[in-house]
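Data first, discussion second: the structure below is written as structure tokens.
Residue numbers begin at 1 in each chain, while the letters A, B, ... track the order of the sequences.
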Amino acid sequence: QKEVEQDPGPLSVPEGAIVSLNCTYSNSAFQYFMWYRQYSRKGPELLMYTYSSGNKEDGRFTAQVDKSSKYISLFIRDSQPSDSATYLCAMSAISVGSQGNLIFGKGTKLSVKP
Amino acid sequence: DGGITQSPKYLFRKEGQNVTLSCEQNLNHDAMYWYRQDPGQGLRLIYYSQIVNDFQKGDIAEGYSVSREKKESFPLTVTSAQKNPTAFYLCASSIPRGFGNTIYFGEGSWLTVV
């Protein structure tokens with residue numbers, strides 16, 4: 001079983017839809033969770049960062065962590081064509097600065113149609 | 001503006017030649033990283049460095065070398081020993097240990113070996 005599983009998609013939705021992106025993981029020690037957005041041929045940019053369990057909201061984006069189910073989600077409300085990108089989940093057991101290894105999902109490609 | 005600068009953006013090299021990718025950051029981050037991204041494979045860690053003059057191998061270090069002579073710079077050399085060097089290479093940095101867990105990426109360098 002891979003440490004982090006993420007459906008690669010592609011996922012296609014109409015503009016204005018609510019998008020749900022998910023990752024599952026196997027390592028119960030993970031406690032730092034991140035979502036990155038990556039546009040084509042660009043570097044990933046950090047969208048959301050969550051420590052341990054719970055929800056975090058930032059504008060149209062909500063990140064959820066369910067450690068009991070080893071499941072994290074990113075919700076995008078009122079999706080826009082500009083949200084079309086690949087979304088990567090990432091997680092680690094300890095602070096990145098201490099050892100340096102984030103585990104990434106393979107990314108889900110999202111397309112929002114006008 | 002603060003950020004991570006990678007150069008060149010696109011690079012073509014003949015098989016058997018070494019090539020060095022540049023990475024410079026002005027974020028005053030202690031830790032720096034090199035990742036490789038291949039289609040369908042996600043991000044894989046090549047090398048990371050927590051402080052100047054120190055670096056550690058990541059998951060796929062074979063065929064690569066790095067140096068960290070200055071806090072701002074972390075160049076990656078792709079040697080002729082790397083069997084499949086054509087890929088998208090991403091440099092990243094993170095804030096100091098104990099201050100959180102966010103990692104920031106540069107815009108990437110596309111290396112094509114012919």
Side-chain angles (χ1 to χ4, degrees), chain A residues 2-10 21 23-27 29-53 56 58 63 65 72 85-109, chain B residues 3-7 9-10 21 23 25 27-51 54-61 66 68 74 87-110:
Chain A
K2 295 180 181 177
E3 278 200 286
V4 177
E5 301 266 13
Q6 185 175 12
D7 187 335
L21 303 167
C23 287
T24 59
Y25 61 95
S26 58
N27 189 345
F30 286 153
Q31 53 182 340
Y32 299 90
F33 304 93
M34 280 139 276
W35 285 96
Y36 287 84
R37 177 175 62 196
Q38 186 176 22
Y39 292 114
S40 181
R41 294 181 171 267
K42 298 286 187 182
E45 59 177 315
L46 181 67
L47 267 182
M48 301 287 283
Y49 164 64
T50 309
Y51 172 69
S52 192
S53 286
K56 187 172 184 178
D58 184 2
V65 175
I72 68 171
T86 297
Y87 290 81
L88 304 166
C89 64
M91 50 196 79
S92 69
I94 59 174
S95 173
V96 168
S98 296
Q99 186 160 333
N101 202 358
L102 275 178
I103 307 299
F104 285 86
K106 293 184 178 181
T108 299
K109 188 172 184 178
Chain B
I4 302 170
T5 302
Q6 290 187 239
S7 63
K9 178 69 174 178
Y10 299 97
L21 307 179
C23 179
Q25 55 99 359
L27 300 168
N28 199 34
H29 288 175
D30 287 320
M32 297 186 73
Y33 316 81
W34 274 104
Y35 285 88
R36 170 179 172 146
Q37 189 174 36
D38 296 280
Q41 293 240 33
L43 288 163
R44 294 182 289 171
L45 183 65
I46 304 173
Y47 268 98
Y48 66 98
S49 168
Q50 296 181 58
I51 56 172
D54 182 66
F55 47 83
Q56 306 296 325
K57 292 182 178 180
D59 300 319
I60 55 165
V66 294
R68 188 83 187 278
F74 191 41
F88 187 43
Y89 290 89
L90 287 159
C91 179
S93 68
S94 65
I95 58 178
R97 183 186 327 185
F99 288 87
N101 207 56
T102 46
I103 186 170
Y104 300 91
F105 287 90
E107 287 296 282
S109 292
W110 289 89

Winner by heavy-atom pair count (cut-off under 4.5 Å) against chain B, out of E45(A), Q38(A), R41(A):
R41(A)

Heavy-atom contact with chain A under 4.5 Å, split by part of [X]:
X      : answer
Q41(B) : backbone
Q56(B) : neither
Y89(B) : neither

Proximity breakdown for P8(A) and chain B, heavy-atom pairs closer than 4.5 Å:
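Looking at P8(A), nothing touches chain B.
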
For Q6(A), what residues pass the side-chain contact (heavy atoms from CB on, under 4.5 Å) criterion, not counting sequence neighbours?
C23(A), W35(A), C89(A), T108(A)

How would you list, by chain and number, every residue that makes a ring pair (Phe, Tyr, Trp, His ring centres under 6.0 Å) with Y39(A), sequence neighbours excluded?
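Ring pair (Phe, Tyr, Trp, His ring centres under 6.0 Å) check on Y39(A) returns nothing, list empty.
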
For residues F33(A) and Y25(A), establish whether the separation of their ring centroids is below 6.0 Å.
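That pair passes the under 6.0 Å test.
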
Looking at D58(A) and K56(A), is there a salt bridge between them, counting it only when a charged N and a carboxylate O are closer than 4.0 Å?
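Looking at D58(A) together with K56(A), the answer is no, because their closest N to O distance does not fall below 4.0 Å.
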
Give me the ring orientation class for H29(B) and Y104(B): parallel if the planes are under 30° apart, tilted from 30 to 60°, perpendicular past 60°.
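Judged by the thresholds at 30° and 60°, the geometry between H29(B) and Y104(B) is tilted.
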
Under a 4.5 Å heavy-atom cutoff, which of G108(B), G42(B), C91(B) has the most pairs with chain A?
G42(B)

